[in-house]
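This structure is a prediction, so every number in the text was calculated from the model and none was measured. Residues take their numbers from the sequence shown, with the count starting at 1. Only heavy atoms go into these numbers, but all of them, side chains included; no hydrogens, no water, no symmetry mates.
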Amino acid sequence: MGIEEYIVHKLGEKQGQSVVRDMIAECTSLERLCIGENEANSKTMRTKIFPRIAMYHVLQKDMPKQQAYDIVWNYTKDCICVPTRQQYLRIERVPFFFSLFRKMFLQTMLHSSEWSAEVTQNAADRFGVAIHRCLWNDTCLKCGCPELCQVFCDSDWENFGAMRKVKFCRTQTLGIGGNLCDFTFCKIHRK
C-alpha cells in the first residue's frame with residue numbers, strides 16, 4: 001500500500017485526501033533541501049525520506065506529535081518493512097547467502113554517498129560497519145524533526161531482525177543520539 005492510499009485508509013476519505021494534498025505540497029517545499037546534493041542522494045530524499053517527513057509534519061496540524069509519529073511508524077513497519085523483510089527471507093534461501101549478503105551490504109555502505117562508513121570487522125562468519133554520517137539523520141535534522149529518524153533506525157530491526165541465517169546487532173544509532181550507527185551481522189550456524 002502506497003503512502004497516499006495508507007493515509008486515506010487510516011484517516012478516512014475526506015481527512016485523508018486533505019492530508020495527502022498537504023503532504024504533496026510539503027514534499028515540494030522540502031525539495032529545496034536537495035540543492036547541492038548529488039543525484040543519488042536527491043532521489044533517496046525525494047522518494048524515501050521526504051514523504052514520511054511530510055506525513056509527520058502535516059499530521060501534527062490535527063493531532064499530537066506522538067500520534068503523528070505512531071502513524072508514520074505504523075506505515076513504515078506495515079507498508080515498507082513487511083515487503084522488505086519478506087524479500088530478505090526469500091533470498092536467504094540462496095546458497096552462500098551470508099557471504100553474498102556481506103559483500104552486497106559492505107559494497108552499499110562503503111560506496112554510497114548516503115553514508116560515511118567504515119568496516120569494523122570482516123570475517124567469514126561476522127562483519128560490522130560503523131556509520132559516522134547518515135543521509136536519513138541529516139535530513140531529519142534539517143527538517144526540524146530529529147526524533148523522526150528513529151522510525152528509519154527502527155526499520156532496520158524490522159528488516160534484518162527476522163532473518164533466520166543472520167543475527168543483526170546494534171547498540172546505537174546517530175538518529176537516536178548515538179555517536180555512530182554500529183551495525184554487526186553474524187552468521188547463524190545451524191546444527
Query raised in the report: L59 and L11: side chain to side chain contact (heavy atoms under 4.5 Å, CB included), yes or no, with the steps?
Result: CA-CA 10 Å; L59 288 173; L11 302 177; 3.7 Å; yes
Query - ring pair (Phe, Tyr, Trp, His ring centres under 6.0 Å) against Y69, all qualifying residues, sequence neighbours excluded - result: none
Requested in this report: Kindly write out the residues that satisfy side chain to side chain donor-acceptor pair (under 3.5 Å) with Q66, not counting sequence neighbours, or none if the list is empty.
Outcome: D70
Requested in this report: Taking the side chain as every heavy atom from C-beta outward, state whether M163 and I188 have any atom pair closer than 4.5 Å.
Outcome: no
Report task. Report the hydrophobic cluster partners of L100, with the cluster defined as I, L, V, M, F, W, Y residues connected by side-chain heavy atoms closer than 4.5 angstrom, directly or transitively. Result -> V94
Report summary line: Residues at least two apart in sequence or cross-chain that pass ring pair (Phe, Tyr, Trp, His ring centres under 6.0 Å) with W115, listed by chain then number, are W136
Cut-off 3.5 Å, no hydrogens considered: what does the side-chain donor-acceptor table look like for residues 118-129, sequence neighbours left out?
unit_1 : atom_1 : unit_2 : atom_2 : d
E118   : OE2    : H132   : NE2    : 2.8
T120   : OG1    : G128   : O      : 3.3
N122   : OD1    : R102   : NE     : 3.4

Query - Set of residues satisfying salt bridge (Lys or Arg N to Asp or Glu O under 4.0 Å) with respect to D22, sequence neighbours excluded - result: none
Query raised in the report: Between the main-chain N or O of K14 and the side-chain N or O of S18, is there a donor-acceptor pair closer than 3.5 Å?
Result: no
Query raised in the report: Which residues pass the side chain to side chain donor-acceptor pair (under 3.5 Å) test with E147, sequence neighbours left out?
Result: Y56
Query raised in the report: Tell me the salt bridge (Lys or Arg N to Asp or Glu O under 4.0 Å) pairs involving residues 158-172, sequence neighbours left out?
Result: R85-E158, D156-R170
Query raised in the report: Testing E26, M23, M45 for side-chain contact (heavy atoms from CB on, under 4.5 Å) with F50, which one passes?
Result: M45
Requested in this report: Please list, chain by chain and in numerical order, all residues satisfying ring pair (Phe, Tyr, Trp, His ring centres under 6.0 Å) with F183, sequence neighbours excluded.
Outcome: F105, F168
Report task. Decide yes or no for N74 and Y6: does some side-chain heavy atom of the first lie under 4.5 Å from some side-chain heavy atom of the second? Result -> yes
Requested in this report: Decide yes or no on side chain to side chain contact (heavy atoms under 4.5 Å, CB included) for I176 and C149, but give the supporting numbers first.
Outcome: CA-CA 7 Å; I176 307 176; C149 194; over 6 Å; no
**Report entry** Selection residues 34-48 - residue pairs positive for salt bridge (Lys or Arg N to Asp or Glu O under 4.0 Å), sequence neighbours left out
**Finding:** E37-K142
**Report entry** Which residues share a side chain to side chain donor-acceptor pair (under 3.5 Å) with N179, sequence neighbours left out
**Finding:** none
Query - Donor-acceptor pair, side chain of N159 and main chain of T84, under 3.5 angstrom - result: no
Query raised in the report: How long is the gap from CG on L174 to SG on C140, to the nearest 0.5 Å?
Result: 11.5 Å
Query - Pairs involving residues 52-62, ordered by first then second residue, that meet salt bridge (Lys or Arg N to Asp or Glu O under 4.0 Å) (sequence neighbours left out) - result: none
Requested in this report: Would you confirm whether H9, through its side chain, and M1, through its main-chain N or O, come within 3.5 Å as a donor-acceptor pair?
Outcome: no
